[in-house]
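Here is the structure we will look at, set down as structure tokens.
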Amino acid sequence: MLGLAASQILPGVMGDSYATFRTATNTLLYICLSFIMINVGREFELDKTKWKSYTKDYFIAMATAAAPWLLIALYYMFVLMPSMYWDNGTAWKENLLLSRFAAPTSAGILFTMLAALKLKESWIYKKIQVLAIFDDLDTILLMIPLQIMMMGMRWQLFAVIVIVFVLLWWGWKQLDTYNMRQGWRYILLYAVLVFAATQTVYVVSKYFYGEQGSIHIEVLLPAFVLGMVMKTRHIDTPEEYRASTAISFLFMFLVGLSMPLFIGIGSSSIESAGSLTASQPMMSWGEIAMHVVIVSFLSNLGKLFPMFFYRDRKKSERLALSIGMFTRGEVGAGVIFIALGYNLGGPALVISVLTLVLNLVLTGIFVVWVRKLALRTYRPAEA
């Protein structure tokens, strides 16, 4: 929220130097995102000999990621966009990408809070952990066809597909293999190297083929795969916790700071917008607040998908599992930042950002709700 406020103040205060400042903060943001995704990949622990047992969980997680995404995409198209754009392919592409933020769960803060409530040995905690990691993985994978749609049918599209499949193949074959140093300083170094590698691909391709022919590989998947192939070592020290928390705080601040200027936007800004979503006139704050509440409801409604499965468990456990998926975090914020790279904006972007903020504020309520439901069937003392 502080970053969001700063994003509306600093452009007027800094003037011409703001562009340089923005480049520096965006670079730092990508490095922080890479750091976070490496840690998400490190948590991706599977027994490959029992991979079939994860099949059901994976498809439930995929549906749980897709349901809120599609609900919000339809809402953005048929409620926020004028009817003249309902059959416009570009409008669909932009809104499908912009609504993608609705899917991810926040693995870090959710698991920390549930563990603190002595629920680490419960079925709910273990199942949420599996679904949340798969949910993040699905979000990363579903971003790939969306980015391909934004790029259009060019040879660069096939280059991106090849790189993606090579990364996924390597990640699965070498899962939990490499005994690498995993203190926060080393993870940060790996994050810098991942960002440098993706930027090198972009800069070199841009040099030879121009901006339109450049190859964009976002840090999400390479960083996640790098975390996957590390032989996971949990370093639970106060220093590690403080460093990881500080980087997550910095990342969320930088995401807010990266938001475009939308307070006091004029018609000239709308006319010069680089996308259909960004060209839509800004709403009143009352209308935006109403849409934020509705979009939050739709995103959480889609997260209730696990209620229809795991029928051998009580309804309160399945509801607790679904509510545990309500939380939002760094991956969702990263998707919004990527959407900004395609010049997406307008009221839909503001609504997306404020919905993310609202769900973050409600995280404590969600976790207390999960705990209350979980304790109907599980008592920590029994463990």
Side-chain angles (χ1 to χ4, degrees), residues 1 57 59-80 95-96 98-114 117 119 124-125 127-139 142 252 255 287-310 313-336 339 348-374 376:
M1 288 187 282
D57 290 331
F59 282 104
I60 291 172
M62 183 170 66
T64 307
W69 168 43
L70 296 176
L71 284 173
I72 294 175
L74 292 172
Y75 185 82
Y76 282 175
M77 276 300 301
F78 295 117
V79 177
L80 300 187
N95 282 286
L96 282 169
L98 194 53
S99 59
R100 191 73 197 108
F101 86 98
T105 54
S106 171
I109 189 172
L110 174 68
F111 298 150
T112 300
M113 294 177 81
L114 289 178
L117 294 170
L119 293 174
I124 292 169
Y125 179 92
K127 191 60 68 174
I128 285 178
Q129 189 174 39
V130 172
L131 292 185
I133 294 298
F134 279 144
D135 200 0
D136 283 343
L137 176 60
D138 283 324
T139 297
L142 287 171
M252 296 303 288
V255 168
E287 290 177 297
I288 287 176
M290 178 191 70
H291 289 301
V292 166
V293 172
I294 294 173
V295 170
S296 297
F297 172 77
L298 290 174
S299 65
N300 292 334
L301 180 66
K303 288 294 183 183
L304 292 174
F305 199 83
M307 284 287 293
F308 301 101
F309 298 89
Y310 306 117
R313 312 300 301 195
K314 291 184 177 180
K315 188 179 292 184
S316 61
E317 290 181 287
R318 286 180 278 143
L319 180 58
L321 181 65
S322 299
I323 295 169
M325 306 288 278
F326 283 6
T327 54
R328 301 290 181 272
E330 298 91 345
V331 180
V335 172
I336 291 179
L349 177 68
V350 178
I351 292 165
S352 297
V353 174
L354 295 181
T355 302
L356 177 69
V357 171
L358 176 61
N359 275 272
L360 286 171
V361 171
L362 293 174
T363 296
I365 295 174
F366 295 150
V367 173
V368 171
W369 196 356
V370 170
R371 176 180 181 271
K372 185 176 180 180
L373 291 168
R376 292 184 183 179

Worksheet item: How long is the gap from CH2 on W369 to CD1 on I323, to the nearest 0.5 Å?
Response: 4.0 Å
Worksheet item: Is the shortest heavy-atom distance from the side chain of F326 to the side chain of L304 under 4.5 Å?
Response: yes
Discussion item. Does any part of the side chain of Y310, heavy atoms only, come nearer than 4.5 Å to the side chain of D57, both counted from C-beta?
Written reply: yes
Item to complete: Please report the shortest heavy-atom distance between S296 and N359, naming the atom on each side.
Response: OG-ND2, 3.7 Å
Fill in: Close side-chain approach of V79 and H291, heavy atoms under 4.5 Å
yes
Practice prompt. May I ask you to check whether over 12 heavy atoms, not counting those of F297, lie within 6.0 Å of atom CZ?
Written response: no
Fill in: Sub-4.5 Å side-chain heavy-atom contact between L96 and W69
yes
Response to the item:
Of all heavy-atom pairs linking P306 and L321, the shortest is CB-CD2, 4.0 Å
Worksheet item: Between OG of S322 and CG of L301, what distance do you get to the nearest 0.5 Å?
Response: 10.5 Å
Worksheet entry | Partners passing side chain to side chain contact (heavy atoms under 4.5 Å, CB included) against K372 (at least two apart in sequence or in another chain) | none
Worksheet item: Which distance, rounded to the nearest 0.5 Å, do you find between the CD1 of I288 and the CE of M290?
Response: 10.5 Å
Worksheet item: CD/E287 to CD1/I351 distance, rounded to the nearest 0.5 angstrom?
Response: 9.0 Å
Item to complete: Show your working on side chain to side chain donor-acceptor pair (under 3.5 Å) between Y75 and N95 and close with a plain yes or no.
Response: CA-CA 9 Å; Y75 185 82; N95 282 286; over 6 Å; no
Worksheet item: Looking only at heavy atoms, which two atoms of V370 and A320 are closest? And how far apart?
Response: CG2-O, 3.5 Å
Item to complete: Grab the two heavy atoms, one from P68 and one from S299, that are nearest each other, plus how far apart they are.
Response: CB-O, 3.3 Å
Worksheet item: Mind checking whether N300 and F366 have side chains closer than 4.5 Å, heavy atoms only?
Response: yes
Fill in: Flag side-chain contact, heavy atom, 4.5 Å: L298 against L74
no
Fill in: R313 side, atom CZ; K127 side, atom NZ - distance, nearest 0.5 Å
9.0 Å
Response to the item:
Separation between CG (L319) and NZ (K314), nearest 0.5 Å, reads 14.0 Å
Worksheet item: Do you know the tightest heavy-atom contact between A348 and Y76?
Response: O-OH, 3.6 Å
